[in-house]
2 protein chains.
Amino acid sequence: MSTIDFAYSRDANTKADPAAEIHPCSACTVRTLTVCAALEAEELRRLAEILQTTRFDPGHTVFGEGEPAETLYNVTSGTVKVYKLLPDGRRQITGFLLPGDFFGLSVNDSYAYTAETVTPVSLCRFPRRRMEALLDEFPKMQRRLFSMASNELAAAQDQMLLLGRKTAKEKICSFLLLLSQRASRRGHKTNPVHVPMSRADIADYLGLTTETVSRTFTQLKTSRVISLLEGNKVQIQDMDDLLDLAEGA
Amino acid sequence: MSTIDFAYSRDANTKADPAAEIHPCSACTVRTLTVCAALEAEELRRLAEILQTTRFDPGHTVFGEGEPAETLYNVTSGTVKVYKLLPDGRRQITGFLLPGDFFGLSVNDSYAYTAETVTPVSLCRFPRRRMEALLDEFPKMQRRLFSMASNELAAAQDQMLLLGRKTAKEKICSFLLLLSQRASRRGHKTNPVHVPMSRADIADYLGLTTETVSRTFTQLKTSRVISLLEGNKVQIQDMDDLLDLAEGA
DNA sequence: CGCCCACCATGATCTAGATCAAAGAATATT
DNA sequence: AATATTCTTTGATCTAGATCATGGTGGGCG
């Protein structure tokens with residue numbers, strides 16, 4: 001959910017084992033190194049000790065809303081969606097997690113949302129109790145975590161503005177812009193931007209229906225704002241155009 | 001934005017001076033005491049030193065989006081709204097702050113939203129730099145702040161579900177329920193619940209128009225779910241009813 | 001006391017986006 | 001290669017809530 005600047009950005013290309021197999025996670029250790037940039041060698045060694053990586057297929061539920069929150073996750077590769085449901089099945093996706101993002105943090109004892117993989121995903125697991133112990137020992141990590149939560153909060157407020165007040169077209173443009181910006185922060189190319197999630201997922205993220213998402217994409221394509229490329233890529237024709245469209249300016 | 005459980009809950013009834021007058025804030029010191037429950041006497045003394053209280057009239061802008069974030073605020077009495085604007089003036093209120101709530105925290109150097117008073121308000125000010133220094137010294141405060149941010153994040157996700165997927169009726173019912181719950185957590189009576197903000201503010205919080213808010217209130221009144229009392233109070237007839245209506249169950 | 005002005009309610013109408021329906025297009029399965 | 005399955009696009013229609021318009025109401029102030 002939170003995006004962090006990493007000194008490096010390539011993901012672990014370890015041809016990892018099928019779902020649920022577990023092994024130590026060296027890539028994530030490096031990530032964590034950056035997260036806790038100021039940590040001492042000893043502290044890093046201790047952190048690395050508790051890290052494990054797991055690989056999941058698309059459509060796998062990592063954890064469900066209400067389950068006891070025993071693990072903090074970091075995305076090593078792939079995309080994860082987190083969402084909340086209403087009793088009748090209406091769904092709101094509250095975030096897409098990309099490599100480098102953390103999720104599963106909870107101050108209560110249970111998860112407040114469901115987390116599900118969108119693509120094949122590698123996750124680095126931080127057992128909650130051991131993580132908390134580390135936090136007590138190393139205030140710098142605490143601080144970093146707080147700053148991550150604050151960033152997420154700011155993003156959440158942007159999303160509220162989007163959900164409450166933007167039109168369908170503005171929502172789609174904002175979404176593409178967001179993906180592009182996040183790609184840039186992770187050191188990937190921002191244009192064309194990779195859109196790994198389905199129309200239905202985009203709809204549930206933006207408070208729309210799949211039909212409206214689809215129609216809006218064709219509309220943007222027709223008016224030469226974007227073009228749709230092979231492999232779920234979207235080419236943005238004019239970034240400034242898109243920026244204006246995203247804010248209704 | 002965040003709600004915290006306080007050992008005590010009555011607000012400072014000090015007949016304070018007109019807008020912008022400043023004096024030491026003893027009530028807030030007590031609040032902060034609870035926030036940092038585990039702090040030592042010396043730590044508390046240091047905190048009390050940096051606190052100041054200011055009183056504002058309704059409709060006063062405490063700070064605007066984009067201004068340098070130099071102060072963290074705690075609501076001593078009254079109600080504050082925080083919102084974001086689109087270039088053409090569309091507004092999304094992202095939260096109402098009640099006594100005990102903090103706002104104005106920013107990891108960046110500028111505020112991400114505008115904060116404006118709804119009722120007469122007393123605010124306790126925490127200068128940012130001195131606050132940060134204290135946080136460095138006392139990790140427990142850092143921890144408490146993190147937990148507050150996490151709670152706010154969970155609330156933000158609930159609000160996204162509301163904005164993206166709920167009907168007007170469900171939104172209004174959820175809103176009343178939220179006010180009631182927050183009143184309860186602050187040790188006030190939960191029914192009838194005090195609704196200090198205008199229809200327009202409620203509309204901008206729920207992603208509706210004033211007309212729809214008004215219509216929905218009368219609709220709920222007609223169907224005997226609530227009744228509107230004197231002094232901006234709303235009597236909830238059946239709490240369970242309301243809870244079902246809020247989730248579309 | 002009564003006038004004003006901002007808030008609130010309610011009616012009439014409109015429309016963005018939902019819903020319903022069905023035909024392509026892509027991907028997986030046998 | 002043929003077939004099932006799921007995702008996407010597009011069309012036709014409907015509707016919740018927006019917009020436009022107007023009158024009611026209550027609290028502040030001369």
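Chain identifiers are assigned alphabetically (A, B, ...) following the order of the sequence lines, protein sequences preceding nucleic acid strands; residue numbering begins at 1 within each chain. All values below come from the heavy atoms of this structure, side chains included, with hydrogens, waters and symmetry mates left out.
- Qualifying side-chain contact (heavy atoms from CB on, under 4.5 Å) partners for B/Thr114, counting only residues two or more places apart in sequence or in other chains: B/Thr61, B/Glu65, B/Tyr83.
- Nearer to the 5' terminus of DNA chain C, by closest-nucleotide assignment, is the contact made by A/Lys166 (compared with the other of A/Lys166 and A/Glu211).
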What are the atom names and distances for every N/O pair under 3.5 Å that joins the protein to nucleotides 27-30 of chain D?
none

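- Residues A/Gly78 and A/Pro99 come closest through the heavy atom pair O-CD, 3.4 Å.
- DNA chain D is contacted by B/Gly207, B/Leu208, B/Thr209 of residues 192-209 of chain B, taking any non-hydrogen atom closer than 4.0 Å.
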Please tabulate, for side-chain N and O atoms in residues 223-230 of chain B, each donor-acceptor pair with protein atoms closer than 3.5 Å (sequence neighbours left out).
{"residue": "B/Ser223", "atom": "OG", "partner": "B/Gln219", "partner atom": "O", "Å": "2.9"}
{"residue": "B/Ser223", "atom": "OG", "partner": "B/Leu220", "partner atom": "O", "Å": "3.4"}
{"residue": "B/Ser227", "atom": "OG", "partner": "B/Gln237", "partner atom": "NE2", "Å": "2.7"}

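- A search for side-chain contact (heavy atoms from CB on, under 4.5 Å) contacts involving A/Thr218 returns A/Lys221, not counting sequence neighbours.
- Protein chain A contacts DNA chain C from C/dG17 to C/dC20, reading 5' to 3' and using non-hydrogen atoms of the protein with a distance under 4.0 Å.
- Pairs engaging residues 205-246 of chain A under the ring-ring contact (aromatic ring centres under 6.0 Å, His included) rule: A/Phe96-A/Tyr205, A/Phe175-A/Tyr205 [sequence neighbours left out].
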Hey, can you pull the donor-acceptor pairs under 3.5 Å for the side chains in residues 238-249 of chain A, sequence neighbours left out?
{"residue": "A/Asp238", "atom": "OD1", "partner": "A/Asp240", "partner atom": "N", "Å": "2.9"}
{"residue": "A/Asp238", "atom": "OD1", "partner": "A/Asp241", "partner atom": "N", "Å": "3.3"}

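- B/Thr210 comes within contact range of no nucleotide atom at all, as no heavy-atom separation falls under 4.0 Å.
- Across all non-hydrogen atoms, the minimal contact from B/Val118 to B/Val80 is CG2-C, 4.1 Å.
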Determine all donor-acceptor pairs shorter than 3.5 Å in which one atom belongs to a side chain in residues 190-204 of chain A; sequence neighbours excluded.
{"residue": "A/Asn191", "atom": "OD1", "partner": "A/Ile236", "partner atom": "N", "Å": "2.8"}
{"residue": "A/Asn191", "atom": "ND2", "partner": "A/Ile236", "partner atom": "O", "Å": "2.8"}
{"residue": "A/Ser198", "atom": "OG", "partner": "A/Ala200", "partner atom": "N", "Å": "3.4"}
{"residue": "A/Ser198", "atom": "OG", "partner": "A/Asp201", "partner atom": "N", "Å": "3.1"}
{"residue": "A/Asp201", "atom": "OD1", "partner": "A/Lys81", "partner atom": "NZ", "Å": "3.1"}
{"residue": "A/Asp201", "atom": "OD1", "partner": "A/Arg91", "partner atom": "NH2", "Å": "2.8"}
{"residue": "A/Asp201", "atom": "OD2", "partner": "A/Lys81", "partner atom": "NZ", "Å": "3.1"}
{"residue": "A/Asp204", "atom": "OD1", "partner": "B/Arg165", "partner atom": "NH2", "Å": "2.7"}
{"residue": "A/Asp204", "atom": "OD2", "partner": "A/Arg91", "partner atom": "NE", "Å": "2.5"}
{"residue": "A/Asp204", "atom": "OD2", "partner": "A/Arg91", "partner atom": "NH2", "Å": "2.8"}

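- Taking atom CG of B/Leu229 as the reference point, atom C1' of D/dG26 lies 17 Å away to the nearest angstrom.
- Below 30°, between 30° and 60°, or above 60°: for B/Tyr111 and B/Phe63 the angle between ring planes is below 30°, a parallel geometry.
- If you check residues 212-226 of chain A against DNA chain C, the residues with a heavy atom closer than 4.0 Å are A/Thr212, A/Arg215, listed by number.
- In this view, A/Arg90 and A/Asp88, B/Glu170 satisfy the salt bridge (Lys or Arg N to Asp or Glu O under 4.0 Å) rule, not counting sequence neighbours.
- Within the helix from C/dC1-D/dG30 to C/dT30-D/dA1, the inter-axis angle between the opening and closing five-pair segments is 40°, rounded to 10°.
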